[in-house]
Protein chains: 2
Amino acid sequence: MKLSEGTEWAIHCCSLLANLPPDFALPKSRLAEFFDLPEDYLAKFLQELSRAGLVKTSRGPGGGYQLAKPAGQINVLEIVQAVEGDQHFFQCTEIRRCGPSGVADKHYKKPCGIARTMHRAEAAWRAELAAVSLNEISQMGAEESPQEQIEKSLSWFESVM
Amino acid sequence: MKLSEGTEWAIHCCSLLANLPPDFALPKSRLAEFFDLPEDYLAKFLQELSRAGLVKTSRGPGGGYQLAKPAGQINVLEIVQAVEGDQHFFQCTEIRRCGPSGVADKHYKKPCGIARTMHRAEAAWRAELAAVSLNEISQMGAEESPQEQIEKSLSWFESVM
DNA sequence: GGCAGGTTACTCGGATAGCGATTGTCCGAGTTGATCTGG
DNA sequence: CCAGATCAACTCGGACAATCGCTATCCGAGTAACCTGCC
């Protein structure tokens, strides 16, 4: 089981967008350039973010992507779910009802212990992600980056603005 | 992102094995029959469990699968990892180092905030699963099953023993 | 009747195809800004 | 010199292939029990 690599890309892109001035849109070509990613494939995930309402888009010259909400109001879980979809990791197929010992469906009142255990674990995963805002991600990125990288980022930004 | 359905099968099978008398081995054909699963495909996951040391196998007539350890010493995480492999959901590809703002590798001391966040969430998931023993799973199954199912299970077991 | 050898039936284990989802690529729809033309 | 229409460049969005992992299946290796024949 593996998360799509698009998930990593999407979070990084959102973090970058969070550092941009308001009312400034960054096109996918620039986003792809900044992280050295395949532009067309990255677009796929940006579209997912757009469809999920996390970023808003504008077309034509000067257009591009920008956050649809303040970074403090977006959490990591939202981004992950936008890319991965919100289906559960574990999908119970109720095999307990099958085979020679199975009985009529009406006798099974609640999900089995296995499903409950798996779902509880999944809820814990979600909770951890939901607890971290894009703001925090962005801030961590700024604190950890080598000084040289910050300077290069700023000068890159000057050139595209 | 979705867990293999083999994960569900493996846990159910382990739970069933946990209810068997010691020194009694159940062949894959019986396991598949009990849950009405494709025998050959189920075998794949039983092999994984064997390779992980969770079940032990014996060949020839009277052979089959049985737990390698007491059910109280096996937790759900072990079973899941045996089937899914122990790779992380999120694999950081360090795209922060790429593109026009990247700097030499030596300047990146620790994993980025995004990777840390994702890994912390994953750790929470693992912890939840590790906290539940196969014994508890088995016990929950026994408590929740309709009375009729328990009787049918016992009579099925009489016939295969 | 007991034992030894061979045979049979039953078991797991790994190697081999089929299929769907993730990955990767392309072209069309829509919008903005600049340019050109006419007044 | 200004206003309006036209045009061109730039943007996103969805539709279309390719690859990889999960799904599914098969056959061979190993083992225990049984059966048969001999002592």
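A, B, ... follow the sequence lines: proteins, then strands. Residue 1 opens every chain. No hydrogens, no waters, no symmetry mates; every other heavy atom, side chains included, goes into these values.
Taking every nucleotide of DNA chain D with any atom under 4.0 Å from a non-hydrogen atom of chain B, the first and last of them, 5' to 3', are D:dT23 to D:dA32.
Here the side chain of B:E136 pairs a donor or acceptor atom with the backbone of B:S133 at under 3.5 angstrom.
Checked against ring-ring contact (aromatic ring centres under 6.0 Å, His included), A:H107 has no partners two or more places apart in sequence or in another chain. Residues passing the salt bridge (charged side-chain N to carboxylate O under 4.0 Å, His left out) test with B:E122, sequence neighbours excluded: B:R126. Take A:S15 and apply the side chain to side chain donor-acceptor pair (under 3.5 Å) test, not counting sequence neighbours, and it matches no residue.
Of the residues in residues 83-97 of chain B, none lies under 4.0 Å from DNA chain C by heavy-atom distance.
Within 4.0 Å (heavy atoms only), A:P61 reaches at least one base atom of the nucleic acid. Within 4.0 Å (heavy atoms only), A:G6 reaches no atom of the nucleic acid at all.
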Could you pull out every donor-acceptor pair under 3.5 Å between side chains of residues 25-45 of chain B and any protein atom, sequence neighbours left out?
from: B:R30; atom 1: NH1; to: B:E33; atom 2: OE1; distance (Å): 2.8
from: B:E33; atom 1: OE2; to: B:W156; atom 2: NE1; distance (Å): 3.2

List the atom pairs, donor and acceptor, that lie under 3.5 Å between side-chain atoms in residues 143-155 of chain B and the rest of the protein, sequence neighbours left out.
from: B:E144; atom 1: OE1; to: A:G113; atom 2: N; distance (Å): 3.2
from: B:E144; atom 1: OE2; to: A:R116; atom 2: NH1; distance (Å): 2.6
from: B:E144; atom 1: OE2; to: A:R116; atom 2: NH2; distance (Å): 2.8
from: B:S145; atom 1: OG; to: B:G141; atom 2: O; distance (Å): 2.7
from: B:Q149; atom 1: OE1; to: A:Y108; atom 2: OH; distance (Å): 3.0
from: B:Q149; atom 1: NE2; to: A:R96; atom 2: O; distance (Å): 2.8
from: B:Q149; atom 1: NE2; to: A:S101; atom 2: O; distance (Å): 3.4
from: B:Q149; atom 1: NE2; to: A:S101; atom 2: OG; distance (Å): 3.4
from: B:Q149; atom 1: NE2; to: A:Y108; atom 2: OH; distance (Å): 3.2
from: B:K152; atom 1: NZ; to: A:G102; atom 2: O; distance (Å): 2.9
from: B:S153; atom 1: OG; to: B:Q149; atom 2: O; distance (Å): 2.9
from: B:S155; atom 1: OG; to: B:K152; atom 2: O; distance (Å): 3.3

Sequence neighbours excluded and cut-off under 3.5 Å, please list the side-chain donor-acceptor pairs for residues 72-85 of chain B, or say none.
from: B:N75; atom 1: OD1; to: B:L77; atom 2: N; distance (Å): 3.0
from: B:N75; atom 1: OD1; to: B:E78; atom 2: N; distance (Å): 2.9
from: B:E78; atom 1: OE1; to: B:N75; atom 2: N; distance (Å): 2.9
from: B:E78; atom 1: OE2; to: B:K69; atom 2: NZ; distance (Å): 3.3
from: B:E84; atom 1: OE1; to: A:M1; atom 2: N; distance (Å): 3.3
from: B:E84; atom 1: OE2; to: B:S4; atom 2: N; distance (Å): 2.8
from: B:E84; atom 1: OE2; to: B:T7; atom 2: OG1; distance (Å): 2.7

Identify each donor-acceptor pair in which a side-chain atom of residues 49-62 of chain A lies under 3.5 Å from a protein atom, sequence neighbours left out, and give them as a table.
from: A:S58; atom 1: OG; to: A:G64; atom 2: N; distance (Å): 3.4

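Of the residues near DNA chain D, A:K2 and A:G64, the one whose nearest nucleotide (by heavy atom distance) lies more toward the 5' end is A:G64. Each of A:E5 and B:P27 was matched to the nucleotide of DNA chain C holding its nearest heavy atom; the match closer to the 5' end belongs to B:P27.
A:W9 has its CH2 atom 11 Å from the C1' atom of C:dT22, to the nearest Å. Counting to the nearest Å, the C1' atom of C:dT25 and the CZ atom of A:F45 are 13 Å from each other. To the nearest angstrom, C1' of C:dC26 lies 16 Å from CG of A:L42. Rounded to whole angstrom, the span from the CD atom of A:E39 across to the C1' atom of C:dC27 amounts to 14 Å.
Among residue pairs with one or both ends in residues 99-110 of chain B, those qualifying as salt bridge (charged side-chain N to carboxylate O under 4.0 Å, His left out) are B:R97-B:D105; sequence neighbours excluded. Note on residues 47-84 of chain B: no pairs pass ring-ring contact (aromatic ring centres under 6.0 Å, His included), not counting sequence neighbours.
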Between protein and nucleotides 13-19 of chain C, what N or O pairs are separated by less than 3.5 Å?
from: C:dG13; atom 1: OP1; to: B:S50; atom 2: OG; distance (Å): 3.4
from: C:dG13; atom 1: OP1; to: B:T57; atom 2: OG1; distance (Å): 3.1
from: C:dG13; atom 1: OP2; to: B:Y65; atom 2: OH; distance (Å): 3.4
from: C:dG13; atom 1: O4'; to: B:R59; atom 2: NH2; distance (Å): 3.2
from: C:dG13; atom 1: N7; to: B:Q47; atom 2: NE2; distance (Å): 3.4
from: C:dG14; atom 1: N7; to: B:Q47; atom 2: OE1; distance (Å): 3.2
from: C:dG14; atom 1: N7; to: B:Q47; atom 2: NE2; distance (Å): 3.2

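The two atoms that bring A:L67 and A:C14 nearest to each other are CD2-O, 4.2 Å, heavy atoms only.
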